[in-house]
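Chain letters run A, B, ... following the sequence lines, proteins first, then strands; residues in each count from 1. The analysis underlying the following values was restricted to heavy atoms, covering all of them including side chains, and did not include hydrogens, waters or symmetry mates.
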Amino acid sequence: MSTSDLQSSSAGSTPSGVSIVTIDSLARNVGATVVLRGWLYNRRSSGKVHFLEVRDGTGMVQCVMGKNDVDEATFAAADHLSQETSVEITGLVKAHPKRPNVFEVAATGLRVLGKPSGEYPISPKEHGTDFLMDNRHLWLRSKRQHAILRVRHTIIRTIRDYFDGLGFTLVDAPIFTPNACEGTSTLFETDYHGDKAYLTQSGQLYMEAAAAAVGKAYCFGPTFRAEKSKTRRHLAEFWMVEPEVAFMDLDGDMDLAEGLLVALADRVLTERREELAILERDTSKLETVKRPFPRIRYDQAVAIINEHRRERRAKGETNQDGSPVEDFPWGEDFGGEDETVVSNRYDRPVMVHRYPAEVKAFYLKRDPEDARLALGVDVLAPEGYGEVIGGGQREDDLATLEAAIEHHKLPKEAFEWYLDLRRYGSFPHAGFGLGVERSVAWLCGLPHVRETIPFPRMLSRLAP
RNA sequence: UCCAGCUUAGCUCAGUCGGUAGAGCAGGUGACUGUUAAUCACCGGGUCGCUGGUUCGAGUCCAGCAGCUGGAGCCA
């Protein structure tokens with residue numbers, strides 16, 4: 001089999017010369033006799049006609065087998081096929097008699113390639129999430145999960161195309177890191193030949209080094225958080241893309257983030273219409289993701305939250321625990337609920353910038369116009385999907401950065417290499433991190449991030 | 001870590017007032033020549049999460065524990 005065969009979505013031909021095709025190429029093969037290879041998704045029968053629904057990873061097709069079209073043994077065999085039997089079906093490609101633009105295969109031959117040794121666990125009826133997650137390796141075969149995998153793939157490819165197209169260089173960051181840096185989140189600890197090592201929570205510091213080498217750098221890999229978070233927005237292992245650009249300021253950073261999200265929505269809408277339909281995604285909510293995104297200051301976001309809280313108080317509402325609704329205290333970070341209140345004001349992602357420095361990471365540059373603020377930005381996705389991007393301009397002054405490290409009580413020795421970036425030709429620079437799973441959840445309209453990654457790692461799940 | 005909810009057949013669930021266990025799907029057998037989670041008939045299928053308590057009697061009431069789910073906190 002050659003590469004060109006694969007690219008033309010024809011997987012070769014049988015000894016008798018019949019071409020082996022994939023389901024997504026049936027439209028081009030109407031009137032031809034072809035061979036399909038795949039798995040039986042569902043089977044129906046009307047006595048003298050069997051309807052075999054077959055999936056092959058590129059799509060789904062109904063194969064019709066009339067009693068008079070095949071020999072008796074083949075017809076009898078088709079009657080006893082169970083779900084997920086792998087099969088090779090030979091037949092004539094035809095238009096569906098009732099449905100426009102749908103094709104079916106009039107089967108003339110059937111070969112069973114792999115017979116299930118037992119009952120397939122996932123029946124075409126409803127199941128609970130925990131059961132499906134226990135069978136995640138099989139659940140991936142279902143229509144919805146297949147659609148999500150494809151959208152995820154498109155999102156990842158778009159991210160790479162976007163940065164590659166802008167002249168970025170991919171620079172991989174390490175997974176093992178020597179110290180529990182940044183001091184913020186809880187890390188997974190591991191034994192590294194007798195020393196303690198931690199699984200990375202971000203490649204950002206390394207990208208700052210890379211930016212000084214290549215100008216525009218990005219890394220794309222898994223990151224790990226050991227917090228005991230049990231919500232629909234959290235995973236213990238998730239993927240993040242982190243661009244870092246030399247001589248870019250906060251405004252440029254926001255331009256870059258905005259362009260990426262517009263590209264993602266646009267590409268998913270053009271290339272994954274079918275998948276979004278399977279997921280029943282309201283695509284009108286994605287059509288509005290166009291430039292420019294609103295850019296509001298932290299102060300304005302606080303005002304929006306307080307306006308909302310005052311309305312709730314006026315209606316006599318209380319918090320979930322029954323406590324009275326208080327004004328949002330300036331200086332704190334937003335909770336999930338607050339983010340939703342802000343993002344619900346807009347029909348596209350909103351960028352909230354200039355947060356209080358105290359609630360943000362030590363490496364963010366102070367706002368020259370207001371020392372209480374940091375030049376950071378969070379991008380909140382619409383519909384309550386929360387923060388999909390966090391970033392900002394980095395502190396490029398050696399003394400200020402040293403003071404920040406001391407203020408956060410971080411071990412200075414561990415950051416000597418990072419401080420070197422300010423010692424040898426310091427430069428203004430900025431970047432951000434985009435969480436892939438939250439982006440997939442948003443673009444697909446999924447209620448939980450656990451379905452956005454093939455094999456999720458969560459507080460109470462390490463298998464399969 | 002805290003709060004709430006859930007745990008009954010392979011799966012999804014019902015189970016009244018405390019009186020000894022039910023349905024649909026899946027599986028099996030059969031009927032049906034255009035079905036779309038096909039339909040119809042019949043069949044097999046149970047450590048009611050675990051431990052203890054109350055009671056003549058517990059799936060049901062009580063306590064403890066475990067697991068799962070969601071939320072808060074924390075975080076992206």
Side-chain angles (χ1 to χ4, degrees), chain A residues 41-53 60-69 75 79-80 82-84 94 96-99 102 104 106 116 118-135 138-139 142-144 182-187 200-202 204 222-242 319-323 332-339 359-361 376 378-381 385-391 432-442 447-450 452 458-461:
Chain A
Y41 193 71
N42 199 8
R43 176 177 54 81
R44 293 176 291 272
S45 176
S46 290
K48 304 266 170 25
V49 191
H50 297 315
F51 299 93
L52 307 175
E53 234 181 318
M60 187 98 74
V61 70
Q62 172 170 277
C63 300
V64 186
M65 184 185 283
K67 194 177 173 77
N68 300 327
D69 302 334
F75 192 76
D79 199 22
H80 288 88
S82 60
Q83 208 186 339
E84 291 303 316
K94 299 160 66 170
H96 193 287
K98 292 179 188 168
R99 297 179 173 189
V102 175
E104 61 176 28
E119 193 180 311
Y120 188 68
I122 303 176
S123 66
K125 270 273 180 177
E126 72 241 33
H127 298 282
T129 311
D130 197 46
F131 172 79
L132 289 169
M133 273 301 169
D134 283 342
N135 291 284
L138 302 175
W139 188 23
S142 72
K143 232 183 231 175
R144 274 181 61 87
E182 307 186 31
T184 49
S185 52
T186 322
L187 305 188
T200 182
Q201 61 170 324
S202 162
Q204 190 221 303
T223 46
F224 308 88
R225 302 288 167 89
E227 285 114 17
K228 299 201 186 303
S229 297
K230 283 174 72 170
T231 82
R232 64 183 71 205
R233 302 183 306 279
H234 290 89
L235 293 167
E237 178 182 313
F238 64 99
W239 286 67
M240 194 150 68
V241 58
E242 294 175 281
N319 293 320
Q320 267 190 328
D321 60 4
S323 61
E332 282 189 16
D333 209 348
F334 303 130
E337 170 88 37
D338 303 317
E339 289 182 351
V359 299
K360 287 291 173 185
D378 281 358
V379 185
L380 308 178
Y385 280 97
E387 186 184 341
V388 288
I389 285 179
F432 62 80
L434 171 129
V436 170
E437 286 72 22
R438 285 187 181 180
S439 301
V440 176
W442 162 49
H448 201 301
V449 290
R450 69 185 152 211
T452 64
M458 297 179 291
L459 188 55
S460 57
R461 179 165 297 282

Using atom [atom1] of [X] as one end and atom [atom2] of [N] as the other, report the distance to the nearest whole Å.
{"X": "A/His50", "N": "B/G34", "atom1": "NE2", "atom2": "C1'", "value": "13 Å"}
{"X": "A/Phe131", "N": "B/U8", "atom1": "CZ", "atom2": "P", "value": "13 Å"}
{"X": "A/Leu235", "N": "B/C74", "atom1": "CG", "atom2": "P", "value": "20 Å"}
{"X": "A/Leu459", "N": "B/G70", "atom1": "CG", "atom2": "C1'", "value": "13 Å"}
{"X": "A/Arg99", "N": "B/U36", "atom1": "CZ", "atom2": "P", "value": "9 Å"}
{"X": "A/Arg43", "N": "B/U33", "atom1": "CZ", "atom2": "P", "value": "16 Å"}
{"X": "A/Glu339", "N": "B/G73", "atom1": "CD", "atom2": "P", "value": "11 Å"}
{"X": "A/His127", "N": "B/U12", "atom1": "NE2", "atom2": "C1'", "value": "8 Å"}

Are A/Lys360 and A/Asp378 within salt-bridge range, i.e. N to O under 4.0 Å?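 Salt bridge flag = yes for A/Asp378 with A/Lys360.
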
May I ask you to say whether A/Lys67 pairs ionically with A/Asp79, meaning some side-chain N is under 4.0 Å from a carboxylate O?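 No, A/Lys67 and A/Asp79 are not salt-bridged.
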
Watson-Crick or G-U wobble partner of [N], both distances under 3.5 Å:
{"N": "B/U20", "value": "none"}
{"N": "B/C61", "value": "B/G53"}
{"N": "B/G45", "value": "none"}
{"N": "B/G34", "value": "none"}
{"N": "B/C2", "value": "B/G71"}
{"N": "B/U7", "value": "B/A66"}

Say we look at [N] and [M]: how far apart would their [atom1] atoms be, to the nearest angstrom?
{"N": "B/G24", "M": "B/A76", "atom1": "C1'", "answer": "42 Å"}
{"N": "B/A72", "M": "B/U60", "atom1": "C1'", "answer": "32 Å"}
{"N": "B/C61", "M": "B/G19", "atom1": "C1'", "answer": "15 Å"}
{"N": "B/C74", "M": "B/A37", "atom1": "P", "answer": "46 Å"}
{"N": "B/G49", "M": "B/C32", "atom1": "C1'", "answer": "44 Å"}
{"N": "B/G73", "M": "B/U36", "atom1": "C1'", "answer": "48 Å"}
{"N": "B/U29", "M": "B/U16", "atom1": "C1'", "answer": "36 Å"}

Decide whether A/Ser123 and A/Gln83 meet the rule of one side-chain donor and one side-chain acceptor closer than 3.5 Å.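 The criterion, which ignores hydrogens and geometry beyond distance, is not satisfied for A/Gln83 and A/Ser123.
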
Looking just at side-chain N and O atoms, do A/Gln62 and A/Arg44 make a donor-acceptor pair shorter than 3.5 Å?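 A/Gln62 vs A/Arg44: donor-acceptor pair found between side chains.
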
Presence of donor-acceptor pair under 3.5 Å, side chain of [X] and base of [N]:
{"X": "A/Gln62", "N": "B/U35", "value": "yes"}
{"X": "A/Asn68", "N": "B/U33", "value": "yes"}
{"X": "A/Ser123", "N": "B/C11", "value": "no"}
{"X": "A/Glu104", "N": "B/G34", "value": "yes"}

Reckon [X] has a side-chain N or O less than 4.0 Å from the OP1 or OP2 of [N]?
{"X": "A/Arg232", "N": "B/G70", "value": "no"}
{"X": "A/Arg225", "N": "B/A76", "value": "yes"}
{"X": "A/Thr231", "N": "B/C75", "value": "no"}
{"X": "A/His96", "N": "B/U35", "value": "no"}
{"X": "A/Lys98", "N": "B/U35", "value": "yes"}
{"X": "A/Arg233", "N": "B/G70", "value": "no"}
{"X": "A/Arg44", "N": "B/A38", "value": "yes"}

Side chain A/Glu437, main chain A/Trp239, donor-acceptor under 3.5 Å: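 Between the backbone of A/Trp239 and the side chain of A/Glu437 there is a qualifying donor-acceptor contact (under 3.5 Å).
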
Please check if the side chain of A/Glu104 supplies one atom and the backbone of A/His96 the other of a donor-acceptor pair under 3.5 Å. no

Any side-chain heavy-atom pair from A/Glu387 and A/Phe334 closer than 4.5 angstrom?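 Not in contact.
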
Report yes if the ring of A/Tyr120 lies under 5.5 Å from the six-membered base ring of B/A26 with planes under 30°, and no otherwise.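 Stack criterion not met.
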
Identify, between A/Ser45 and A/Asp79, the residue whose nearest nucleotide on RNA chain B lies closer to the 5' end.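 Going by which nucleotide is closer to the 5' end, it is A/Asp79.
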
